Every structure is written in structure tokens, then in C-alpha cells.
Amino acid sequence: NWNYFNEYNVDTNWLDEVRQNAFTTDNSFSMSGGGEKATYRLALGYLSEGGTTIGTGLKRFNSSLRVDYNFSDKLRFGADFYFTQSDKDDNWAPKDGNVRSEAFKKMPNKSPYYMDENGNRSSQYFSYQTKDWEGEFKASNSSASHFNPVAMANESYKNTMSRDSRANFRIDYKILPCLTYSAYASLKMSTTTTDKFLPQVATGVAWTSEYANQSTAASSESLTLQTENKLIFNKNWKDKHNLIATAVFRTTQATSSSVTSTSYGNASSGLADPITGSSVYSLGSGESEARSISGTGLINYTLLDRYVFHTSATMDANSAMGKSERLGIFPTVGISWNMQNEPFMRNTEDWMDEIKLRFSIGQSGNAPKGTAAYYGAYSSRGEYMDMSAIYPSRMQLNNLKWETSTEYNLGGDFSFFHGKLRLTVEWYNKYVKDLLQKEPKMPTTTGFSKNKWFNSGRMENKGWEARIDGVLYEKKDWRVSAYINLSRNTNEITELPETMNPEPYTFKNGEYAIRIEEGRPFGSFYGYRYKGVYQNQEATYARDKEGNVMNDVNGKPIVMKNGAKQVCPGDAIYEDINHDGVINEYDIVYLGNCNPILTGGFGFTIKYKRLSLNALFYGRFGQKIINATRMDNESMYNANNQSKAVLRRWRNEGDNTDIPRALYNEGYNYLGSDRFVEDASYVRLKTLSLSYSLPKKVCNYLGINTLNFFVTGYDLLTWTGYTGQDPEASLPTSASKLSKDSANTPCSRRFSCGLNLNF
């Protein structure tokens, strides 16, 4: 007799309700021409890409025009014009609360729509919210939960319209036969508008809530002006000495502004107005300007076409830095040896094309982001007695430094058998000092809670890259070629920042610790070691290092605790690192990092006459990520939908399983542990393409130059042991972020066919 019995008596596949098959069209057109003095090239393109999640998609139009005019043999002028417009559709739900993640959690017996008296779906969305078991709608800047994902996919929107315009003007003038001057000026204008609408039918909140038909409008504009002046001196003396000297001076000026407004209580999505809506939730605006200048001097000297020496020095200045440290000077020096040109290599010309060895060492600098980041700042604190109060909120940073990187590079290029076999290898080691720490916390005795930027800490990046290209078979009408490339990169914190404070950790389910430790790579995560399930009462007894049962003062066995909760048979086992009988923050250990051990790809091309087959594979190996979706779907802690895996949960003594018992709103059976850290290694067939070109005679008969037909598949197959939707998880952008898979939309399998016509 319950009002909503029918709405909770269905069988819903929520994921199927929010995903779809989609079409993508990609069109391009170009034309070029001109005469002896002037040439031009015009290119147009239009992309319409449907999303595999309902409510998502992208439309993009791009155009370019290039014009070159030769006034004389010495003077040449050119101009480039670009315009791009992108129209992106998305759901309102933030990244960590996307509709797919919510669809995984929804109760399978709940309906997305109200049901009529005959048990059929109506046209109204069902967004009944409960405090007791499903939970009420919650949202923040980065997450959202407890909403109707079908209503969110169909009725919410986040439309982002971006327009980018760029104009480049170029000039080249040959002052002397060996001295050339070139310059360009670039003007880039960008505008972005974002409209968001959160429908009340998706959240079920009261009409007085700030999330009831919430509407947001945001816009931003930016203008960037760049200039470059370059002098190049190129002189050769009797094929023995060759000198190239270059002087470059660049300037950049960038301005930007933004405004955002949010309102709620709007009548509908069509009548939503963030400014004149029923109630204004927030208003904000900003404006900034930044300038930088850069000067580079470079000398490249070649002796006997065998020995190459180059050196350079770059001077950078940025308005984000204080006057005392505004100027940074970064030198570079390198040598290379073209061994194939040595006299003793003449007898190898039949099979040896190139042996080039090179070594370089150089520095580069990184300035903090923002406008005049070194400035102190003041903020208002409302009223103090009967007066307005202003207080210093940010410290002046006159000694803020450049983050400096010093990189060593050793490599070689090899070619054999007239280019049929090529090999390139590279080894590098980069040391970064004076790391820029953004908004580190400060002792309150300084009068400030945090700093805008701070230089401290050191990090090391090192790795190698290798690529091999080869022709495996070539005879008459057949040609088979292939390549493989591999790379390995590791990073390590070699010196902790002085301002490094331990990240706050709260002992609770689903929580991983975030730490930065010397000797550990950036992107590491920490948690507990999961050891399975307590089978019986005896297994719950705490044990010392030797494995002996520990007793209390009364001689009775001590029972393990997960936090303050005493464990029982069926609960999760976590390794007691310090053997104190309690699982807490003192048992947290290093679990891995999100950096892949190896990254690479390989591909092949098979050609027979005018028929060609191309394949490209890509993969990552040894990367660890946290499968947050699996954690949610195996927690058995609330009323969220669960994975089929929980059907093999522990129920009775002797159950051979690694999944703990179900406890509704109780226990600590899904702490942040290696249970949910998975190896996301994979190999993916990125593209597979078959093409055919018409014979030249047929093209001449049709009055065209070339005609090529093709059919291509993208992301067709993925080989992986990862259990989530997509093993290609994004890497964290800061030390406070973890590499988590929260059921973001995976890459789609796409097919395309078409033709390329040239006339």
C-alpha cells in the first residue's frame, strides 16, 4: 500500500539508460593557388562528434588562411589567419559525480520515472529522496551524489562555447647573403561562455534549495600579443667550417577577464536567467594582466661535417616575479658526432647510412602562474566595531625564485641499409630545484595562514626512449614495414619542501592517505594492506611479530580492532604493521604510484599495389590506479547498487572468499587499501585502416588528380586485466590528488569510412 511501491518494484539497468551509440562526422576542405609573387592556402573543417553518454557531444568549426607575398628576392611578407569555434555539450554533474558513476550506484529495483497504475513508465522523472537509506542530494565544486542520473543526462546541461581567433604577420628580409632577419607579431583573442542548468527533477530537492533549477552563466575573455625578432647568420667556409649564429628576442603580453553568476529557483531551463533568476546564489568577477620577455643567443658550429658544437643562453623575465629575481638566465651546451662521415667508415657505405651520437646539458626555468604573484594582498573582514576592517592576507614575496630544471641528455640516431632500418635512442636525467609550492600553510605566528607561492624542495626525473623502424619485406608490389617505440620515466622526491605539512588523514572507509616522502615518486598513494576475511573467532585474535596470540592483563586473547570497532568473523583483515592490535593511521604503508613503468606503441603497414593496411597499437604497463567505482560497488555499506561480486561475500565460517560480510552503515570493511588498487596495464588497438587508391589512368579519365577510399576503426580492442570501464585513467595534476577511476566515460569504439579527393 506504499505510495511508491511500483517505483521500487522494477528492474532497471541504469547504465543502459544513460549511454548511447553516437555518430561522428569529420569534414575538411582545402584549396591553394597563386602565382610567381603571391600564394595562398585556404582550409576549412567541421567536426560533429556525438558522445556515448546522453547529453554529451562536440561541434567544432575551424578555418585557416595563409597568404605569402614575395616583394623581391630579399623581402618576403606573410600573414596567417585562424578561427576556431567549439560548441561542447555536457551534463551538469561535476567530474567526480558524473552520471555514469551515479548510474552504477542506483538501486536496480528503482525506476527512473514515475509509474502509472498499470505499472508502465510515465513521462515524469522519479526523484524521491530519503535521508534514511538512499541519501539526499549533495554537491560541491568537484562532486555530486544522490541524483537521478537519467534526468541529469536528459534535462541538465553544461554548454561551453569557445571562440579562438589568431592573426600572425610575418616578414623575412635577407640583409646579406649570410645574414637574414625575420620577425612576426601574433594576436590571439579567445572568448568562452559557459551555461549550466541543474534541474530540480534530477535532484528532488525542495524548491527553496539553492540547487532547485540552479542556473550558472560564466564568461571569460583573453587577449595575447606576442612578438619575435630573429637574426640568423649562416656562413660556410670551403665545406670545412659551418657557423650558424642566432639571436632571438620575444615579448608576450596577456590580459584576461571573467565573470560568473549563479541563481536558483528558475521556472525552467528555457526561462533560466543567472542574473534575474528568483534568487541570486553567487556573483564573481576577475581581471588580470601578465607580461614576459625572453632573449636567446645560440651558436651552432660544424667542423668537417662531422663534429657539431652548439651553445645557447636564454634570458627570461616575467611579471609574476619580484624585482630582485625577475630575470633568469638559463644556459645550454651540447655536442654531436656524425660518425658515418669519418674516413675510417668509408667501407661501410653499402650498409651504414648514419651513426650520430649526441650529448647536451641545459637549464630551463618555470615561473609561477598568475599576475604579479609576488605582491602582498589585503582583504576585507566585514565590520570591526563601527568601521570597515582591512587586514593583510598575503605576504610580499620579493625573493620568489624561478623553478629551475637542469637536464642531461644522451642519445643516438642510427640508420642502416639505405633507410630500411632506423634506430633512435635517448637517455635523460632532469634535476628540478626550488620547486614552486602553491599556497603552502604557514605558522600562525607569522600572521598569515598560508603563502601564495614558496620555493623549496628538489625532484629528479630520469628515463629513456627508444624507437625502431624497419622494412620487414619488400618485393615487387609488396612492402611490409613496422615500428616499435618504448619509453620509461621515473621521478623521485630527493628533498622535501621546508613547508611540507602532512596531509590531514581521517580514519574512515574509502579514504587513502596522501603523502610526499623523500625517495618516493610524485603521484604515490598510501593505505592499508588488505589480507582477506576473518574466517572465525580465533582468526580475530591479535598477534605479535612472531605470530603468537597476544593476551590482555587477565590472560584473555586480545581481539583486533579496526579503528574503535572490534572485529568479528567476516570482517576485513588489514595487516597490523606495528602489532598493537589496532588498525589505524600507524599501519598505513606505501601502496604504489600512478606512474607507468613502461609506455609505448607499435604498428605496421602492409602495402600491395594500391591497397594499404595500417595498424597502430598503444599501451601502458605497470601503472597503478584506485578503482573507486569498484570500491563503491563492493562496499555493501549503504543502499547503493552493488556489483555481482558481492554475491560471493562472506556469510558463514568456511566461505572461501576475499569479500567481507555486508554491514549496513557499520564497520570498516572498505578502508583505503591495496584491495582496490589495480594494475591498469593495457594494450589498445588505436587505429586500423584499410585504404585503396584508384589507378592513375582512371583518375586521368575522370579529370582528377587522386581519389582514395578508406575505412578506419578507432579504439577497436583493448587487452587488459583491469576490471573498470577504462584502464586509461588520467594522471594527477598536483600532490593533493590521487589517480582514481570514478567511472568517467571511457573512449568509444568508432568506425569511419570516406574518400579523399584531390583535383
Side-chain angles (χ1 to χ4, degrees), residues 164 166-168 183-190 192 220-231 246-258 286-298 311-333 361-378 392-407 430-440 442 448 450-459 461 495 497-499 522 733-735:
D164 295 310
R166 190 167 81 248
N168 299 335
Y184 77 80
S186 175
L187 182 67
K188 181 180 179 182
M189 297 168 287
S190 300
T192 302
S220 63
E221 297 180 351
S222 66
L223 175 65
T224 303
L225 176 63
Q226 293 179 309
T227 66
E228 178 183 280
N229 293 271
K230 181 189 296 184
L231 276 173
T246 306
V248 184
F249 183 75
R250 299 184 181 95
T251 67
T252 302
Q253 179 176 350
T255 61
S256 63
S257 62
S258 62
E287 189 170 348
S288 66
E289 181 176 5
R291 295 188 180 97
S292 67
I293 61 173
S294 175
T296 301
L298 185 146
T311 181
S312 68
T314 300
M315 174 203 70
D316 285 331
N318 195 293
S319 61
M321 312 290 292
K323 291 183 178 180
S324 63
E325 301 290 343
R326 182 164 294 168
L327 183 65
I329 299 177
F330 309 102
T332 300
V333 64
I361 176 174
Q363 286 189 330
S364 61
N366 181 34
K369 302 295 186 294
T371 301
Y374 68 95
Y375 269 135
Y378 291 83
S393 60
R394 202 168 78 196
M395 182 185 295
Q396 184 87 5
L397 303 174
N398 292 327
N399 295 322
L400 186 64
K401 300 178 182 179
W402 289 80
E403 181 181 277
T404 304
S405 301
T406 302
E407 181 171 347
K430 180 189 290 187
Y431 299 92
V432 186
K433 67 175 183 177
D434 296 326
L435 292 170
L436 284 168
Q437 309 296 321
K438 187 176 182 180
E439 297 185 344
M442 298 183 65
F448 301 92
K450 59 184 178 181
N451 219 341
K452 183 66 176 177
W453 293 95
F454 190 80
N455 293 108
S456 186
R458 294 173 181 263
M459 184 172 67
N461 275 291
E495 181 182 306
E498 298 174 12
T499 57
F522 179 84
T733 56
S734 67

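Throughout, numbering of the chain's residues begins at 1 and tracks the sequence. A quick note: this is a predicted structure, and the numbers were derived from the prediction, not measured.
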Any donor-acceptor pair under 3.5 Å linking the side chain of [X] with the backbone of [Y]?
| X | Y | result |
| --- | --- | --- |
| W402 | E325 | yes |
| E403 | N366 | no |
| T311 | T332 | yes |
| S324 | N398 | yes |

Which pairs of donor and acceptor atoms, one on a side chain in residues 316-323, lie under 3.5 Å apart (sequence neighbours left out)?
residue : atom : partner : partner atom : Å
D316    : OD1  : S294    : OG           : 2.8
N318    : OD1  : A320    : N            : 2.9
S319    : OG   : R291    : N            : 2.9
S319    : OG   : R291    : O            : 3.2

Just how far is it from atom [atom1] of [X] to atom [atom2] of [Y], taken to the nearest 0.5 Å?
| X | Y | atom1 | atom2 | value |
| --- | --- | --- | --- | --- |
| M189 | L225 | CE | CG | 11.0 Å |
| I293 | Q253 | CD1 | CD | 12.5 Å |
| N461 | M459 | CG | CE | 5.0 Å |
| T404 | L435 | OG1 | CG | 10.0 Å |

Taking side chain as C-beta onward, heavy atoms only, is [X] less than 4.5 Å from [Y]?
| X | Y | value |
| --- | --- | --- |
| R394 | Y375 | yes |
| L436 | N455 | yes |
| T246 | T296 | no |
| L298 | T314 | no |
| Q226 | R250 | no |
| S405 | E407 | no |

Subject >> Distance-minimising heavy-atom pair for G376 and Q396 >> reply: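 That closest heavy-atom pairing would be N-OE1, 2.7 Å.
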Subject >> Nearest heavy atoms of S456 and Q437, plus distance in Å >> reply: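 That closest heavy-atom pairing would be O-NE2, 3.2 Å.
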Original post:
Only one of S288, S190, S222 forms a side-chain hydrogen bond (donor to acceptor under 3.5 Å, both in side chains) with S256, so which one is it?
Top reply: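 Only one option passes, and that is S288.
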Original post:
Would you say the side-chain atoms of Q363 and T406 include a donor-acceptor pair closer than 3.5 Å?
Top reply: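 T406 and Q363 do have a side-chain donor-acceptor pair below 3.5 Å.
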